[in-house]
Amino acid sequence: MEYLTTTQLMKKAQKAEGKSFKEIDITNRLSNKNSKGGLGQVIEESLFGYKINSNAKPDFEHLNVELKVTPFKRNKNGKLAAKERLVLNIINYMEEINYTFETSSFWKKNQQMLLMFYEWLPYVNREDLKVFKSVLFTFPESDLEIIKHDWEIITKKIRDGKAHELSEGDTNYLGACSKGANKQSLRFQPNSTTLAMQRAFSLKQSYMTALVRKHLKKDNLVSLTTSGELKKKSLEDILISRFSPYKGLSAKQISENLGVAYKPTGKSFIPLLISSLLGIKGTKLENIEEFSKANIQFKTIRLEPNGKPEQSMSFKNIDFQLWTNEEWENSYIRKTFYETKFLFVIFEFKEKKKDNPNREPYFKGIKLWNMPVTTIENEIKQLWEEVNRLIATGVQIEYKPYGKKLREYNNFPKKNFNGVTHIRPKGQNGEDKVTLPNGQVITKQCYWLNDTYIASLLKDLN
DNA sequence: GCATGATCATGC
DNA sequence: GCATGATCATGC
């Protein structure tokens with residue numbers, strides 16, 4: 001069957017909306033339980049009637065359209081989200097560096113995509129899942145500027161002989177995700193003798209979530225920039241230039257300048273300052289298009305006069321059931337640090353607290369940061385392994401006097417563990433406990449990045 | 001002064 | 001009610 005126009009193609013695609021894969025699958029491909037990528041193949045073979053291939057060219061070559069069948073899910077709070085990243089073509093490290101973006105394997109194959117979204121549901125067999133909607137997708141101009149920059153970052157790393165250090169956190173929308181049967185799927189790379197994991201270009205899960213919400217639910221994200229600006233500057237440089245006029249001002253002065261009520265203890269105060277100085281006052285940071293698509297999370301850092309953070313940086317409370325039931329490769333904490341970019345918003349105090357309890361923080365600058373692969377695979381992995389070991393062998397939990405009360409002590413990793421990360425309790429009050437998978441009961445715990453580690457990241461801050 | 005456990009305050 | 005960012009308090 002030949003589709004002469006994209007309109008014809010889309011008409012055919014839309015015929016599948018609302019149908020389950022079982023209904024579409026005329027060759028009974030799905031009865032063969034083990035074929036991975038099977039749902040996409042059902043669409044290729046049964047709906048569009050063409051042979052499966054792994055061609056470098058788009059699936060519908062004459063229309064320049066690549067077909068992608070991809071799942072979304074509903075979160076507990078009812079919001080739609082992509083179920084996974086969208087994996088595109090495999091990167092040939094030896095060849096990709098010889099291209100420009102315009103001649104790249106990514107652009108040749110994926111510049112126009114027919115995205116067929118299906119709804120993933122827990123505990124439902126895949127053949128019973130249904131196609132929800134089909135979208136003919138081309139990249140919006142400003143997204144494309146960010147993706148071009150991402151592609152440059154990836155190819156530069158390959159060219160520098162660092163393909164084995166690629167991480168999805170390096171880039172904003174376009175990632176280089178690992179793709180292969182296992183860690184043994186290694187490939188040669190230029191300018192280094194180290195073999196690197198096979199990787200594919202991918203659109204990050206956060207980017208796909210934004211697409212799902214836009215096309216399936218008509219959610220509106222608010223952009224902080226324009227494609228014109230992105231043609232001249234990277235997203236990071238744009239952020240730096242938006243923040244730089246406020247350098248050296250106190251939080252109070254900034255709030256006055258921006259017409260934001262000064263509520264330094266309010267949890268929404270810093271987010272409101274950020275959205276205001278980005279020119280989109282009141283927009284929740286998660287609804288800022290660029291932050292949402294690139295999975296950028298902000299963190300406030302307050303530095304003491306000596307340049308060290310006032311406190312270590314806390315993250316989520318630990319879900320010990322999850323922590324002990326996952327392989328390291330699929331672990332929550334590993335995924336978090338690989339896939340999250342952090343926007344550090346840095347303030348400094350000019351006086352010590354004991355000299356002035358009402359001291360003001362002054363804005364010092366920002367830093368976009370993601371954790372280096374070596375840190376994730378060494379120090380963070382050590383933490384993950386040590387917690388697992390302690391839960392398997394039993395955590396030492398003791399109660400000792402402290403002032404007039406008893407205090408709970410444990411032997412989870414402390415600040416001297418490995419210089420990067422440690423574990424500390426975090427509950428609402430003395431009663432805020434969790435039960436560990438081994439049955440022990442302990443105050444809720446949280447993982448932290450050491451203040452000294454954070455300080456070392458900010459050394460080059462101008 | 002720092003490490004570490006404890007808990008407050010806010011916002012959903 | 002709870003998660004989370006923020007910050008306190010004691011003892012070494």
Side-chain angles (χ1 to χ4, degrees), chain A residues 75-79 251 260-275 282-287 297-323 332-333 336 340 342-349 351-361 383 386-387 390 395-435 440-456:
Chain A
N75 288 339
K76 279 181 200 147
N77 60 13
K79 284 192 174 173
V260 171
Y262 183 60
K263 279 189 210 153
T265 57
K267 279 199 170 178
S268 47
F269 176 62
I270 298 287
L272 190 57
L273 279 193
I274 295 176
S275 65
T283 304
K284 285 188 181 173
L285 298 191
E286 69 208 52
N287 288 335
Q297 314 257 325
F298 95 96
K299 288 273 186 190
T300 316
I301 298 174
R302 271 162 275 254
L303 300 176
E304 291 290 341
N306 66 9
K308 218 181 87 175
E310 191 186 7
Q311 302 278 346
S312 294
M313 184 180 279
S314 74
F315 289 82
K316 274 189 188 311
N317 273 7
I318 295 173
D319 180 338
F320 286 100
Q321 302 294 338
L322 197 65
W323 193 295
Y332 176 80
I333 191 170
T336 296
T340 310
F342 294 95
L343 173 66
F344 293 150
V345 180
I346 304 143
F347 291 87
E348 66 183 338
F349 291 113
E351 303 152 283
K352 293 185 181 175
K353 188 158 198 169
K354 67 174 168 63
D355 297 333
N356 178 5
N358 300 317
R359 62 189 182 158
E360 280 263 352
L383 182 83
E386 178 64 5
V387 169
L390 287 171
V395 183
Q396 273 177 32
I397 304 173
E398 301 177 288
Y399 291 86
K400 293 186 206 162
Y402 184 83
K404 288 171 191 155
K405 288 186 175 176
L406 282 183
R407 172 170 273 224
E408 180 185 288
Y409 290 87
N410 65 58
N411 62 339
F412 279 126
K414 306 288 178 252
K415 248 185 89 177
N416 61 3
F417 178 61
N418 64 13
V420 171
T421 181
H422 65 279
I423 297 222
R424 257 157 78 187
K426 191 164 79 170
Q428 295 184 65
N429 52 49
E431 305 308 307
D432 209 8
K433 310 265 187 183
V434 278
T435 306
Q440 292 180 291
V441 175
I442 191 170
T443 303
K444 288 181 181 169
Q445 305 285 323
C446 155
Y447 59 96
W448 300 66
L449 293 182
N450 297 1
D451 47 8
T452 46
Y453 177 64
I454 301 293
S456 74

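By convention in this document, chain letters (A, B, ...) are assigned in the order of the sequence lines, proteins followed by strands, and residues within each chain are numbered from 1.
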> For a quick check of understanding: with a heavy-atom distance under 4.0 Å over all strands, which category does Lys400(A) fall into, base, sugar-phosphate or nothing?
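Result for Lys400(A) = nothing.
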> Which residues pass the side-chain contact (heavy atoms from CB on, under 4.5 Å) test with Asn358(A), sequence neighbours left out?
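Expected list: Asn356(A).
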> With nearest nucleotides of DNA chain C determined for Lys316(A) and Lys404(A) from heavy-atom distances, which residue corresponds to the more 5′ nucleotide?
Lys316(A)
> Can you tell me how far C1' of dT4(C) sits from CD1 of Ile270(A), to the nearest Å?
15 Å
> Applying ring pair (Phe, Tyr, Trp, His ring centres under 6.0 Å), name anything that partners Tyr262(A), two or more places apart in sequence or on another chain.
Phe269(A)
> Detail all sub-3.5 Å separations between protein N/O atoms and N/O atoms belonging to nucleotides 1-3 of chain B.
from, atom 1, to, atom 2, distance (Å)
dA3(B), OP2, Lys415(A), NZ, 2.6

> Which whole-number value in Å describes the distance from Arg359(A) CZ to dA6(C) C1'?
13 Å
> Separation of Arg424(A) atom CZ from dT4(C) atom P, in whole Å?
16 Å
> Mind checking what makes side-chain contact (heavy atoms from CB on, under 4.5 Å) contact with Asn306(A), not counting sequence neighbours?
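Here the qualifying residues are Glu304(A), Lys308(A).
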> Under the rule for side-chain contact (heavy atoms from CB on, under 4.5 Å), what residues qualify as partners of Asn287(A), not counting sequence neighbours?
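Partners of Asn287(A) under the side-chain contact (heavy atoms from CB on, under 4.5 Å) test: Leu221(A), Thr283(A), Lys284(A).
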> Does the side chain of Thr300(A) get closer than 4.0 angstrom to OP1 or OP2 of dA6(C) through an N or O atom?
yes
> Which letters describe nucleotides 7-12 of chain B, given B = protein heavy atom under 4.0 Å from base, S = only from sugar-phosphate, - = neither?
BBBBS-
> Just the rounded figure in Å: distance from P of dT4(C) to CG of Leu449(A).
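After rounding, the reported distance stands at 15 Å.
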> Taking salt bridge (Lys or Arg N to Asp or Glu O under 4.0 Å) as the cut-off, I'd like each qualifying pair that reaches into residues 395-407 of chain A, sequence neighbours left out, listed once.
none
> Rounded to whole Å, how long is the line connecting atom CG of Asn410(A) with atom P of dT4(B)?
10 Å
> Tell me the interatomic distance from Gln311(A), atom CD, to dG5(C), atom P, rounded to whole angstroms.
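It is 14 Å, rounded to the nearest whole Å.
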> When you measure from the side chain of Ser275(A) to the backbone of Gly282(A), do you find a donor-acceptor pair of N or O atoms at a distance under 3.5 Å?
yes
> Report all side-chain donor-acceptor pairs from residues 313-321 of chain A shorter than 3.5 Å, counting only partners two or more places apart or in another chain.
from, atom 1, to, atom 2, distance (Å)
Asn317(A), ND2, Lys426(A), O, 3.4
Asp319(A), OD1, Gln321(A), N, 3.2
Asp319(A), OD1, Leu322(A), N, 3.2

> Can Arg302(A) and Glu360(A) be counted as an ion pair, charged N to O under 4.0 angstrom?
no
> In whole angstrom, what separates Leu303(A)'s CG from dA6(C)'s P?
13 Å
> Can you list everything that forms a side-chain contact (heavy atoms from CB on, under 4.5 Å) with Thr336(A)? Sequence neighbours excluded, please.
Tyr332(A), Thr340(A), Tyr447(A)
> When the distance from CD of Glu408(A) to C1' of dT4(B) is rounded to whole Å, what number comes out?
12 Å
> For Asp432(A), report the nucleic acid contact type (base, sugar-phosphate, nothing); a contact means any heavy atom under 4.0 Å.
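Answer is nothing: Asp432(A) stays at 4.0 Å or more from every strand.
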